[in-house]
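Below you'll find the structure, written out as structure tokens, and then a few comments.
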Amino acid sequence: MTQTAHVRPYRPGDQEALADICVRTADNGGDSRHLYPDPGLMPALFAEPYAHLEPELAFVLDDGSGRAVGYILGTADTPRFVDAFRETWVPRVAGRFPEPEGEPRNLTEAMTALLYRPERMILPELREYPAHLHIDLLPPWQRKGYGRELMGAFLGALHGRGVPAVHLSMVTANTPARAFYDRLGFEVIDVPDPGPLTHLGRSTGGVESAGWAGSEGRARARAAAAGSEG
């Protein structure tokens, strides 16, 4: 049977692919390997802690062969996640990424310092949006509807838990990403002095109830159609 891409829950075997996707999309949607001597820094900040602390809210886009080529992950409760990040995650990575002393002198030190300031995720303006998320797809898999399917899986999981709303923070200069979020109904959350970031939020309702299972069903339908055409 022809295999086709579909959204499925994250599995521990996806960890390496998850990190690679993060690295290849961490520079405003582009490859960040030229920016950081240790390519593990961006995953340690923006991907791996979510998969480790809340794997039940991590979903991947499977290319049909078992390989993850995109993901969505996050938390249902940002303050609780911040506590777990500090107590559980920071000790796991502190040896590899020591806290910089004094003011950061370069981009690597500035990003490493963020590991030790998880409380930056808690803002009073975001209180009504307790969940937050990160979503990334490798470039060949973008603009094909898979981002919407990933978002449906994540929002559906949150909605099923009774979480009312979710937010995300994005680099304002990443205009393609902003267009994607606008199409999905995210709206700007006004935050004083946001710096280079834009904060967006939306309710968790109004998504396909089938979630990731619906994506697998569509994958089987695509595979069947491809086979009938062959």
Side-chain angles (χ1 to χ4, degrees), residues 7 9-10 18 21-22 24-30 32 42 45-47 49-51 54 56-61 69-82 85 114 118 120-139 141-212 214-215 218:
V7 173
Y10 169 83
L18 196 81
I21 295 163
C22 183
R24 293 175 184 270
T25 57
D27 183 17
N28 284 346
S32 68
M42 292 295 96
L45 267 169
F46 300 119
Y50 297 91
E54 295 191 51
E56 69 278 8
L57 285 177
F59 300 89
V60 302
L61 175 64
V69 292
Y71 62 72
I72 190 167
L73 35 75
T75 178
D77 185 330
T78 298
R80 186 184 64 193
F81 176 79
V82 166
F85 192 104
L114 296 181
R120 63 190 160 77
M121 303 181 206
I122 302 175
L123 298 173
E125 294 80 11
L126 304 176
R127 188 176 296 114
E128 295 183 5
Y129 304 84
H132 75 260
L133 67 86
H134 295 278
I135 180 171
D136 289 298
L137 293 111
L138 293 176
W141 298 90
Q142 296 173 9
R143 299 178 180 84
K144 296 181 178 180
Y146 295 121
R148 181 177 292 272
E149 292 188 10
L150 283 167
M151 191 68 73
F154 185 80
L155 295 180
L158 290 178
H159 191 65
R161 291 177 169 213
V163 180
V166 62
H167 73 270
L168 60 90
S169 302
M170 57 161 288
V171 176
T172 303
N174 191 347
T175 53
R178 176 60 189 277
F180 167 70
Y181 296 130
D182 286 347
R183 290 193 296 272
L184 291 175
F186 282 84
E187 297 181 348
V188 173
I189 304 169
D190 290 326
V191 172
D193 302 317
L197 300 178
T198 295
H199 302 276
L200 303 171
R202 61 154 287 168
S203 75
T204 61
V207 299
E208 183 177 315
S209 60
W212 61 268
S215 176
R218 287 189 292 275

Heavy-atom check, side chain of [X] versus side chain of [Y], under 4.5 Å:
{"X": "F180", "Y": "R143", "answer": "no"}
{"X": "L155", "Y": "R202", "answer": "yes"}
{"X": "P130", "Y": "P164", "answer": "yes"}
{"X": "H199", "Y": "V188", "answer": "no"}
{"X": "T204", "Y": "F154", "answer": "no"}
{"X": "Y181", "Y": "I135", "answer": "yes"}
{"X": "L73", "Y": "E54", "answer": "no"}
{"X": "Y10", "Y": "L18", "answer": "yes"}

Is the backbone of [Y] close enough, under 3.5 Å, to the side chain of [X] for a donor and an acceptor to pair up by distance?
{"X": "R120", "Y": "L114", "answer": "yes"}
{"X": "H167", "Y": "L200", "answer": "no"}
{"X": "S169", "Y": "L197", "answer": "no"}

Quick one: closest heavy-atom pair of [X] and [Y], and the distance?
{"X": "F59", "Y": "P9", "answer": "CD2-CA, 4.0 Å"}
{"X": "A153", "Y": "V7", "answer": "CB-CG1, 4.0 Å"}
{"X": "A131", "Y": "V163", "answer": "CB-CG1, 3.9 Å"}
{"X": "L137", "Y": "Y146", "answer": "CD2-CB, 3.9 Å"}
{"X": "F186", "Y": "L133", "answer": "CZ-CD2, 4.2 Å"}
{"X": "L57", "Y": "A157", "answer": "CD2-CB, 3.8 Å"}

**Asked** Should we count CZ of R80 as having more than 12 external heavy atoms under 6.0 Å?
**Response**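 Correct, the count exceeds 12.
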
**Message:** Working to the nearest 0.5 angstrom, can you tell me the gap between M170 CE and N28 CG?
**Reply:**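 Answer for the CE-CG pair, M170 versus N28, is 8.5 Å.
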
**Request:** Kindly compute the distance separating CG (D136) from CG (L150), expressed to the nearest 0.5 Å.
**Result:**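 One finds 10.0 Å between CG of D136 and CG of L150.
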
**Message:** Please determine whether a side-chain nitrogen of the Lys or Arg among E56 and R161 lies less than 4.0 Å from a carboxylate oxygen of the Asp or Glu.
**Reply:**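 Looking at R161 together with E56, the answer is yes, because their closest N to O distance falls below 4.0 Å.
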
**Item:** side chain to side chain contact (heavy atoms under 4.5 Å, CB included) between Y71 and C22, intermediate numbers included
**Value:** CA-CA 9 Å; Y71 62 72; C22 183; 3.4 Å; yes

**Message:** Show, in sequence, the C-alpha distance, side-chain angles and deciding distance for R24 and L138, and conclude whether the side chain to side chain contact (heavy atoms under 4.5 Å, CB included) test is met.
**Reply:** CA-CA 7 Å; R24 293 175 184 270; L138 293 176; 4.0 Å; yes

**Which residues share a ring pair (Phe, Tyr, Trp, His ring centres under 6.0 Å) with Y50, sequence neighbours left out** =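 Partners of Y50 by the ring pair (Phe, Tyr, Trp, His ring centres under 6.0 Å) criterion, ordered by chain and then number, come out as F81, H132, H134.
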
**Partners meeting side chain to side chain contact (heavy atoms under 4.5 Å, CB included) with E125 (sequence neighbours left out)** =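 E125: side chain to side chain contact (heavy atoms under 4.5 Å, CB included) contacts with L123, I189, V191, P192.
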
